[in-house]
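First the proteins, then the strands, lettered A, B, ... as listed; each starts at 1. Since the structure is predicted, the reported quantities are computational estimates derived from the model, not experimental observations.
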Amino acid sequence: MIQSEIESRLRQAVAQHVDDAEQEKILVRPCSDPKHGDFQSNALMALAKKRGMNPRHLAEKVVDDLRLGDICQSVDIAGPGFLNFEIKSKVIEEALAAALKEKIPFVSPASEPQAIIIDFSSPNVAKPMHVGHIRSTILGDSLARILRMLGHKVITDNHIGDWGTQFGMLILGWKTKLNKAALDSDPISELERIYKEINSDDSLREAARYELVKLQQGDEENLKIWRGMIELSQQQFDRVYGRLDVQFNETLGESFYNPYLEEIVEELCAKNIAGVSEGAIVVRFPDDDQLNDKPAIVRKSDGASNYTTTDLATLRYRVEKWSPNKIIYVTDGRQQLHFQQLFKIFRFWNNQFAGQLQHVWFGSILGPDGKPFKTRSGETVRLDELLDEAEQRAFKAVSEKNPELEESEKRTISKIIGIGALKYSDLSSNRQSDYVFDWDKMLSLQGNTAPYLQYAYTRVRSIFRKTTEPNWDKVVINLDAAEELSLAKHLMSFGHTLEMVAEDNRPNYLCNYLYDLAGRFSRFYESCPVIKAGQAERESRLVLCELTGRVLQRGLDALGIQVTEVM
RNA sequence: GCGCCCGUAGCUCAGUUGGAUAGAGCGCUAGUUUCCGGAACUAGAUGUCGCAGGUUCGAAUCCUGCCGGGCGUACCA
């Protein structure tokens, strides 16, 4: 990568003048404004400031020692100490030629691959998956794809909610209220119905608790019912994940960790990490300004453990099984306090673990009224119904645009467009913002949407249906037009964009990059004829088309979105 | 009360170590098609970046205070 090459040479040059320079802060970025050049570095100003040096003077000395003649046309110092680099077009042309041979163009694998566990989705047994699961599922899957693309070993881990007091009610309902026919036709709705029926009747509370105790004590009948509910739920999960094209390496329920909960609480007490308070066992954080009045319960006063304990057991299991460098939890922002506590307790408890623990949180999905997204009747929106609607709306759009397509082809395309639009609308905004769910916007097929990117891809493919593919090894690349150079330079920063996404766990950087790419391609497409050009120019431009197509396809794939030849 | 997050164009949102003149889409106005998919492209108008201080050569970004909103805050996850 040219960018990282400039960066490493700049670091060397800086080291000759500032021996204690923070190397990792010396960064080279694409220019914010192309008139300044191709790449820029702002690092010297901060570096000089911290040491009371004159930034401009430092820049001059560093540039004197910087050997970039083989890459750069020019290296300029601007304003108070910006460094601006202009790349030789020959170097760009060589980079494109090299990219044609790379498996993933413009991406170099991480120099130190890491083992990273991503915990996301986490649906609950006997409940329908709903909009609340969509952000976690889509974000987590995208992060997994991106980290894998960068060469890391990723373990996707689905932590299923298969345990808790609700199972007392569900088992009681199963035994006394179950409608077999309804269970056969729509098991999840029936499970939801019996749960609600029991839950709304206070007189059944004791009986439900009794069923729960029996389940916890290993009663055969109740265990069988419980396993049946898990099985039915897993079928539902698999259908949804299949439609979303999401896969997990590991799927374990909370119940898997039940055998370890007691020993963990005892160990925490033995190590004086936890203590008794108001009948419960809690961990306190007296040394932490933020948590000193926020104890975490690890055993409730009724003797049962809660999710903090389960999560500790899960953490220990994962650390032992996978020895990860990093564990990422993708959940709603409302769980921030829980994860702060969890990570702190785990550090007290297991001080050998050197990996990172990250809580990657996201905001809520709101309806058009600005309140949490619900159906008109106030129910939570089921995920399968949401996917149905996305596909139906896309089908309508595809049918209007391309009525002559076969029915089955329209179906296939509208799945790609509909699911893609849904995913993209979620991934393209800053994950920490709440976002307003808007069908028309995500499928409006204009602006920063998946269909716009997919459309750009179909235009690339359309060109190749009308011409013969050149021998890529022999094409002489020659970039003259401003639109060609603008497109080519942007293509080159694909890998850097993925790295930034991985750094902050923010796929919206990639969305912005792809949107920018599609725009540059459209401008190139408008002003640079490909098929009608003479052979040399045509083949050179076909390289740009081919690489744009590959980067769009890989980039969308990193978001879990597919492309289509026609739409 | 305490903690976290948010407040950027009429609407929905971006904004990469603090960095160069704050950007998109929608909507609005005016254009572009003998040419590879017009689901496109070009041009134009629109901002006290919630308010007030501070740090800095430089602040939407960092610090302090205030206003407004969302969420969390011991036995749900």
Side-chain angles (χ1 to χ4, degrees), chain A residues 22 24-27 29-33 35-36 40-43 45-46 49 55-56 78-82 84 122 124 161 164-166 254 277-282 289-302 304-308 310-311 331-338 340 361 363-364 366 370 397 400-402 428-430 432-436 438 440-441 444-449 451-452 454-456 458-467 496-497 500 503-504 506 508-509 511-512 515-516 519 522-523 525-533 538 541 545 566-567:
Chain A
E22 303 90 335
E24 72 288 350
K25 288 195 175 167
I26 301 173
L27 298 173
R29 291 281 153 93
C31 273
S32 53
D33 185 333
K35 79 167 185 251
H36 298 127
Q40 68 181 70
S41 178
N42 308 334
M45 291 180 282
K49 181 181 197 169
R56 197 129 184 150
F82 293 100
N84 290 326
S122 307
N124 294 310
T165 49
Q166 71 274 25
E254 291 169 28
S277 171
E278 297 174 31
I281 297 181
V282 308
D289 289 347
Q290 280 179 25
L291 297 179
N292 62 22
D293 60 339
K294 305 266 191 294
I297 292 178
V298 292
R299 182 187 284 167
K300 302 190 283 184
S301 51
D302 67 2
S305 293
N306 65 357
Y307 68 130
T308 300
T310 310
D311 279 352
T331 83
D332 193 282
R334 287 175 293 198
Q335 294 188 41
Q336 284 175 86
L337 176 60
H338 166 66
Q340 274 182 40
W361 60 270
S364 311
L366 308 177
E400 278 168 17
K401 175 66 189 170
N402 245 332
S428 59
S429 62
N430 182 323
Q432 289 176 327
S433 313
D434 292 346
Y435 93 97
V436 176
D438 183 341
D440 292 330
K441 191 184 161 196
S444 77
L445 316 174
Q446 275 163 8
N448 190 5
T449 65
Y452 176 78
Q454 289 164 324
Y455 174 64
T458 63
R459 286 174 119 186
V460 171
R461 299 313 307 157
S462 179
I463 288 174
F464 282 99
R465 279 195 296 274
K466 297 195 164 120
T467 188
H496 172 246
T497 304
M500 286 205 305
E503 180 79 22
D504 286 351
R506 292 188 191 279
N508 67 311
Y509 295 163
C511 296
N512 292 343
Y515 180 53
D516 194 352
S522 290
R523 266 161 258 143
Y525 184 92
E526 294 289 326
S527 55
C528 301
V530 177
I531 291 171
K532 297 226 157 141
R538 179 176 68 242
R541 287 178 175 171
C545 294
V566 292
M567 64 188 276

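A/Q454 comes within 4.0 angstrom of nothing in the nucleic acid, heavy atoms only. Here A/N430 lies in heavy-atom contact (under 4.0 Å) with sugar-phosphate atoms only. Residue A/K532 is classed as a sugar-phosphate contact, given heavy-atom separations below 4.0 Å to backbone atoms only. A/F82 comes within 4.0 angstrom of a base, heavy atoms only. Within the 4.0 angstrom heavy-atom criterion, only backbone atoms of the sugar-phosphate kind lie near A/E254; the bases stay farther away. A/P529 comes within 4.0 angstrom of a base, heavy atoms only. Residue-level contact check: A/E22 touches neither bases nor backbone, having no heavy atom under 4.0 Å from any strand. Contact annotation for A/D516: no contact, since no heavy-atom pair falls under 4.0 Å across all strands. A/N508 comes within 4.0 angstrom of sugar-phosphate atoms only, judged by non-hydrogen atoms across all strands, and of no base. Using a 4.0 Å heavy-atom criterion, one finds that A/V530 contacts the bases of the nucleic acid, with or without backbone contacts as well. Base engagement by A/Y525 is indicated by at least one non-hydrogen atom pair under 4.0 Å involving a base atom. When heavy atoms are screened at a 4.0 angstrom cut-off, A/A78 is found touching base atoms of the nucleic acid. Using a 4.0 Å heavy-atom criterion, one finds that A/S462 contacts the bases of the nucleic acid, with or without backbone contacts as well.
Judged by atom type and distance alone, A/S277 reaches the base of B/rA74 through a side-chain donor-acceptor pair under 3.5 Å. In terms of polar N and O atoms assigned as donor or acceptor, the side chain of A/K466 never comes within less than 3.5 Å of the base of B/rG37 in a complementary pairing. Within 3.5 Å, no donor on the side chain of A/N306 pairs with an acceptor on the base of B/rA74, nor the reverse. On a pure distance criterion of 3.5 Å, no polar donor-acceptor pair joins the side chain of A/K401 and the base of B/rG38. Between the side chain of A/N42 and the base of B/rU17 there is at least one donor-acceptor pair of N/O atoms closer than 3.5 Å. At a cut-off of 3.5 angstrom, the base of B/rA39 holds no donor-acceptor pair with the side chain of A/Y455.
In this structure, B/rG38 forms no base pair with any nucleotide, since neither Watson-Crick nor G-U wobble geometry is met with both distances under 3.5 Å. Across all strands shown, B/rG7 forms a Watson-Crick or G-U wobble pair, both distances under 3.5 Å, with B/rC67. Figure legend. B/rA22 is base-paired to no nucleotide; pairs are counted as Watson-Crick or G-U wobble with both atom distances under 3.5 Å. Across all strands shown, B/rC49 forms no Watson-Crick or G-U wobble pair with both distances under 3.5 Å. In this structure, B/rU73 forms a base pair with B/rG1, meeting either the Watson-Crick or the G-U wobble geometry with both donor-acceptor distances under 3.5 Å.
For A/G79 against A/R56, the heavy-atom pair with the smallest separation is O-NH1, 2.8 Å. Here the shortest heavy-atom pairing between A/H338 and A/D311 reads NE2-OD2, 2.7 Å.
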Quick one: do A/L27 and A/S41 satisfy side chain to side chain contact (heavy atoms under 4.5 Å, CB included)? Show the steps, please.
CA-CA 6 Å; A/L27 298 173; A/S41 178; 5.8 Å; no
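Residue A/E503 qualifies as open at atom CD: its count of foreign heavy atoms under 6.0 Å is 12 or below.
Under a 3.5 Å cut-off, the side chain of A/S462 and the backbone N or O of A/T458 do not form any donor-acceptor pair. A donor-acceptor pair is defined here as one N or O able to donate and one able to accept, closer than 3.5 Å; no such pair exists between the side chain of A/N448 and the backbone of A/S428.
Taking only side-chain nitrogens and oxygens, A/Q290 comes nearer than 4.0 Å to OP1 or OP2 of B/rC4. Residue A/R334 has no polar side-chain atom (N or O) positioned under 4.0 Å from OP1 or OP2 of B/rU73. The side chain of A/S522 places no N or O atom within less than 4.0 Å of a non-bridging phosphate oxygen (OP1 or OP2) of B/rG38. Of the side-chain N and O atoms in A/N292, none sit less than 4.0 angstrom from OP1 or OP2 of B/rC2. Taking 4.0 angstrom as the limit, A/R523 places a side-chain polar atom (N or O) nearer than this to OP1 or OP2 of B/rU42. At B/rG37, none of the side-chain N or O atoms of A/Y452 fall inside 4.0 Å of OP1 or OP2 (strictly under the cut-off).
Nearest nucleotide to the A/Q40 side chain, out of B/rG15, B/rU17, B/rA20: B/rA20. Considering only the side chain of A/Y515, B/rA24 comes nearest among B/rG1, B/rA14, B/rA24. Comparing atom distances between the A/E526 side chain and each of B/rA14, B/rG37, B/rA40 picks out B/rA40 as nearest. Taking the side chain of A/Q336 as heavy atoms from C-beta on, and the options B/rC13, B/rG15, B/rC4, the nearest nucleotide is B/rC4.
Outside the 6.0 Å centre-distance limit, the rings of A/H36 and A/F82 are not counted as a close aromatic pair.
Between A/H338 and B/rA77, no base-stacking contact is recorded for ring centres under 5.5 Å apart and planes less than 30° from parallel.
Contact check on A/E526 versus A/R459 returns a salt bridge, with a Lys/Arg side-chain nitrogen under 4.0 Å from an Asp/Glu carboxylate oxygen.
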